[in-house]
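Below, chains carry the letters A, B, ... as their sequence lines are ordered, and counting in each starts from 1.
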2 protein chains.
Amino acid sequence: MDAAQSEPRPATQSDDACRTRVVLDIVGDKWSLLVVRHLREGPRRFTELKKAIDGISQRMLTVTLRSLERDGILTRTVHGVMPPHVSYELTEMGITLREATAPLLEWSVAHLARIDEARAAYDARTGPSAAS
Amino acid sequence: MDAAQSEPRPATQSDDACRTRVVLDIVGDKWSLLVVRHLREGPRRFTELKKAIDGISQRMLTVTLRSLERDGILTRTVHGVMPPHVSYELTEMGITLREATAPLLEWSVAHLARIDEARAAYDARTGPSAAS
DNA sequence: CGGAATCCAAGCCGATACTG
DNA sequence: CAGTATCGGCTTGGATTCCG
């Protein structure tokens, strides 16, 4: 999908809503924010990230890193070809993204218990057998 | 009804990381935040939401609303059975969730252009034909 | 070590049809 | 009006293999 530059939209609210999905796709991605968080203390190598992020496959780490690099969230630097040595580091924009998501993560920690309660109550209401 | 939860987890760091995914799954969902935003000015009916949220299918609206209801983000109220009249409204928790996501949405609007630039530059670098 | 490529199972989601 | 049920295409992502 490439943007049709020849059509300068009036920029309606629905446009804004659609466009925010670009960012929500990043944030909502299963691994993206985890990678960003693990880079907050500085550059990390591929294998470091792989070991630090529990459960991620090599393929998904590669895909996630490429995507974040393409979006300008982090940089990929090749230090040596033999043996290979690649490090990833947050860009300025990546750092501000992490800051922008901080309130959300705080909210998560603060409300996780209530979500669990709500889920349990809902499942009890709709039928114990319907519990996921 | 008091829940006698007698199993307090040790709550390690990896637990925290895993647990935040519960919320990230909500935020990252294709439609959830859109629904939440459209409820910010008060209760809305099913059909109102369907018309307001462009591109959502009836099925996905139902699924999304059920999920958000189960998580305690919104309430579902049946006002009449014939003809059917159902309204959805944010809970207090839903309102705070919307507030917690506000910084992220502001960040989105502020950085969308730079993301577009980064993507274009990346695609130009890696080969124009490789553009996703 | 860091990735690319292939295969394939699981699930997401839109379209459609049906219901109270 | 506000759903539920079902089918099928498409995407997602893990496992595996190969490569510089």
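Between E89(B) and L39(B), the closest side-chain pair of non-hydrogen atoms is not below 4.5 Å. Taking 4.5 Å as the limit, some side-chain heavy atom of R76(A) sits within range of a side-chain heavy atom of V86(A).
Straight-line distance from the CG atom of D25(A) to the P atom of dT11(D): 14 Å, rounded to whole Å. The nearest whole Å value for the distance from the CZ atom in R44(B) to the P atom in dC1(D) is 17 Å. Between the NE2 atom of H79(A) and the P atom of dC1(C) there is a distance of 16 Å, given to the nearest Å. Protein atom CG of L34(A) is 13 Å distant from nucleotide atom P of dG13(D), rounded to whole Å. The nearest whole Å value for the distance from the CG atom in L49(A) to the P atom in dC1(C) is 14 Å. The distance between atom CG of L61(A) and atom P of dG14(D), rounded to the nearest whole Å, is 11 Å. One atom, NZ of K50(A), and another, P of dG3(C), lie 13 Å apart when rounded to the nearest Å. Separating the NZ atom of K30(B) from the P atom of dT12(D) is a distance of 10 Å, rounded to the nearest angstrom.
Residue R76(B) places at least one side-chain N or O closer than 4.0 Å to OP1 or OP2 of dG3(D). OP1 or OP2 of dA2(D) sits under 4.0 Å from a side-chain N or O of R45(B). Between R59(B) and dT16(C) there is no side-chain polar atom (N or O) within less than 4.0 angstrom of OP1 or OP2.
Here the side chain of T126(A) pairs a donor or acceptor atom with the backbone of Y122(A) at under 3.5 angstrom. Using modelled atom types, one side-chain atom of R40(B) and one backbone atom of R37(B) make a donor-acceptor pair closer than 3.5 Å. Distance alone, capped at 3.5 Å, is enough to place a donor-acceptor pair between the D29(A) side chain and the W31(A) backbone.
If you check dA4(C), dG14(C), dG13(D) against the side chain of M60(A), the one that comes closest is dG13(D). Here the nucleotide nearest the side chain of Y88(B), chosen from dG13(D), dG3(C), dG3(D), is dG3(D).
Counting distance only, with no hydrogens placed and no angle test, the side-chain atoms of Q58(A) and the base atoms of dG3(C) include a donor-acceptor pair under 3.5 Å.
Residue-to-nucleotide proximity on DNA chain C shows that, of H85(A) and M82(B), the 5′-proximal contact is made by H85(A). Looking at which nucleotide of DNA chain D each of G55(A) and F46(B) is closest to, the 5′-most match is held by F46(B).
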